[in-house]
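Okay, structure first, notes after.
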Amino acid sequence: MNKIKNKFLLILAKILTASSPGATYLAFAGAGSSAQLCAHIRRSGFKRVLVVTDTILRDLGIVDKALEGFKGSEVDIAFYDGVQPDPTFDQVAAGLAVLKEHNSDVVLAIGGGSSIDCAKLVAARATSDEDPRDWVGFAKVKHDVMPLFAIPTTAGTGSEATMGAVISDSVTHEKGVISGAGLGMGATALDPDLQMGMPPAITAATGMDALTHAVEAYICRWDRGTRKENAERAIRIIFDNLKRAYDHGDDAEARESMALASYYAGIAINQVNVGTVHAIAHQLGGKYQIPHGLANAMVLPHVLDYCVAEAESSLAELAKLIGVAAQGQSTRDQAQAFIDAVVQLRDAVGIPATSEKIKAEDFDYLVDLAVAEGTGYFAPKLLDDAGARVILGKISA
């Protein structure tokens, strides 16, 4: 039944996207690009900016640095800095209250994926009285959204390039994905100056998050747009630069490269969505509050093992891309070489292979949710109960 549903969803997705406008992308990149974005917002005529961020970034002075491009202008700025990891519908409501009191005419997200996702839904609520819980699913945000911009301070989620947001229910802790053409950014700034102080652990987790996006887009059954080209760019950059950014946090070139990789990977998943890794990782975040990038990094190699037969040729291509395919190897051995390289990179940046938080007694709950979510993705092999249990067993300590 799940296979039939998944096939129907793929057909429906192709029909809907064929008749919908394509996404547009505008990114300012390089040192100081946040000031360029601020200038772009001013030139676009916006006067009242709601900044959606978190208190840590404000306390560290990163938000002030990102907003230097507004100095000396008539732009009036209000802040909602209550975003927490895995933002909730309650946080969206709190941000909306600040927006209405300030009478903002534009939303600017500054932060990681949580701040950007929260900002997307605040902007969507600004122009709609609908309950955002009703938007969970594919392409249910159909109305015009308040203009939206982003300055990411991490390099991994790709939310600055996608038309989707992940939101949590504060009661059930379950995560939902909300998508819609209006949730895309008017422009973003990929500014390495704002990422120089990122701790090694966050550098590692967000970098592996970007790698997961790129790999899932590359092996997806839905061959759409430039998903393979952008995924290739991201994967090559990540293997060349993640360890370098992890070891040398002040390496501006590595930081800028990782910011670009995150953006390319975001464009790739924006075209074909994510896959089985996310179907499992979302449940780990909801149940145990395991950071999303960390969950993806633990799950990714095991999902690739799970679908290696179906994705063999694509994984072999990726092995050649990063230079780990030996001459004369079979396609299966090349595919395995890529999976081994993913494990080696994960280990090299200090990400654990397992977590003590994951409990066997929770497997029934986790499996049900993961399989249900996975039905909506176009992965090379549909996730089933047995496969999900095996993967969970491998990542539980």
Side-chain angles (χ1 to χ4, degrees), residues 23-29 34 37 51-54 57 66 80 83-88 91-92 95 107-124 132 135-136 138-139 141 145-168 175-191 194-195 198 202 205-214 216-217 227 230-231 234 238 258-275 277-278 281-282 285 291-296:
T24 57
Y25 302 97
L26 174 60
F28 300 94
S34 55
L37 178 62
V51 172
V52 177
T53 187
D54 63 62
L57 290 179
Y80 172 65
V83 179
Q84 300 289 326
D86 299 322
T88 64
Q91 290 169 34
V92 172
V107 177
L108 172 61
I110 300 177
S114 294
S115 292
I116 298 173
D117 284 358
C118 186
K120 288 179 179 181
L121 298 183
V122 170
W135 297 337
V136 174
F138 179 73
V141 178
V145 173
M146 179 172 284
L148 183 64
F149 300 89
I151 302 176
T153 59
T154 62
T157 71
S159 188
E160 69 276 7
T162 68
M163 296 186 294
V166 179
I167 189 73
S168 296
K175 289 188 175 184
V177 179
I178 294 175
S179 70
L183 298 182
M185 293 294 151
T188 188
L190 308 177
D191 192 340
L194 304 180
Q195 301 181 14
M198 195 191 310
I202 296 178
T206 54
M208 291 299 293
D209 190 13
L211 179 63
T212 301
H213 295 157
E216 288 194 309
R227 55 104 183 181
N230 280 297
I238 291 166
M258 287 304 300
L260 286 168
S262 174
Y263 191 66
Y264 288 139
I267 294 174
I269 60 171
N270 202 39
Q271 295 174 337
V272 296
N273 213 336
V274 290
V277 179
H278 280 72
H282 283 157
H292 181 63
L294 179 60
N296 274 343

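The structure displayed is predicted, hence computed values, not measured ones. Position 1 is the first residue of the sequence; numbering continues from there.
In this structure, the side chain of Glu216 does not engage the main chain of Val274 through any donor-acceptor pair within 3.5 Å. Without hydrogens or angle criteria, Ser262 side chain to Met258 main chain gives no donor-acceptor distance under 3.5 Å. Not one N or O on the side chain of Ser168 forms a donor-acceptor pair closer than 3.5 Å with the backbone of Thr88. Formation of a donor-acceptor pair under 3.5 Å by the Asp117 side chain with backbone atoms of Val166 is found in this model.
Nearest heavy atom pair, residue Tyr25 against residue Ile267, reads CE2-CG1, 3.7 Å. Shown here for Ala217 and Ala268, the closest heavy-atom pair between the two residues is CB-CB, 3.6 Å. Across all their heavy atoms, Ala109 and Ser115 have their closest contact at CB-O, 4.0 Å. Considering every non-hydrogen atom in both Leu26 and Tyr263, the closest pair reads N-OH, 3.7 Å. Across Ala119 and Val52, no two heavy atoms sit closer than the pair CB-CB, 3.8 Å. Minimum heavy-atom separation, Leu57 to Asp54: N-OD1, 2.8 Å.
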Could you give the side-chain donor-acceptor pairs of residues 148-156 under 3.5 Å, partners two or more places apart or in another chain?
none

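In this structure, CD1 in Ile238 is found 11.0 Å from CG in Leu260, a value given to the nearest 0.5 Å. Distance check: Asn270 CG to Asn230 CG gives 10.0 Å after rounding to the nearest 0.5 Å. Note that OG1 of Thr206 is 5.0 Å distant from CE of Met198, once rounded to the nearest 0.5 Å. Of the inter-residue distances, the one linking His213 atom NE2 with Asn273 atom CG reads 10.0 Å to the nearest 0.5 angstrom.
With a 4.5 Å cut-off on side-chain heavy atoms, Val141 and Met163 do not count as touching. At least one side-chain heavy atom of Leu108 sits under 4.5 Å from a side-chain heavy atom of Leu37.
In this structure, His282 and His292 have parallel ring planes: the angle between them is below the 30° cut-off, well short of the 60° mark.
With sequence neighbours excluded, the residues that form a side-chain contact (heavy atoms from CB on, under 4.5 Å) with Thr157 are Ser159, Glu160, Asp209. Remark: Pro132 engages Phe89, Arg125, Trp135 in a side-chain contact (heavy atoms from CB on, under 4.5 Å) (not counting sequence neighbours).
Of the candidates Val177, Val92, Asp86, Ile167 forms a side chain to side chain contact (heavy atoms under 4.5 Å, CB included) with just one, namely Val92.
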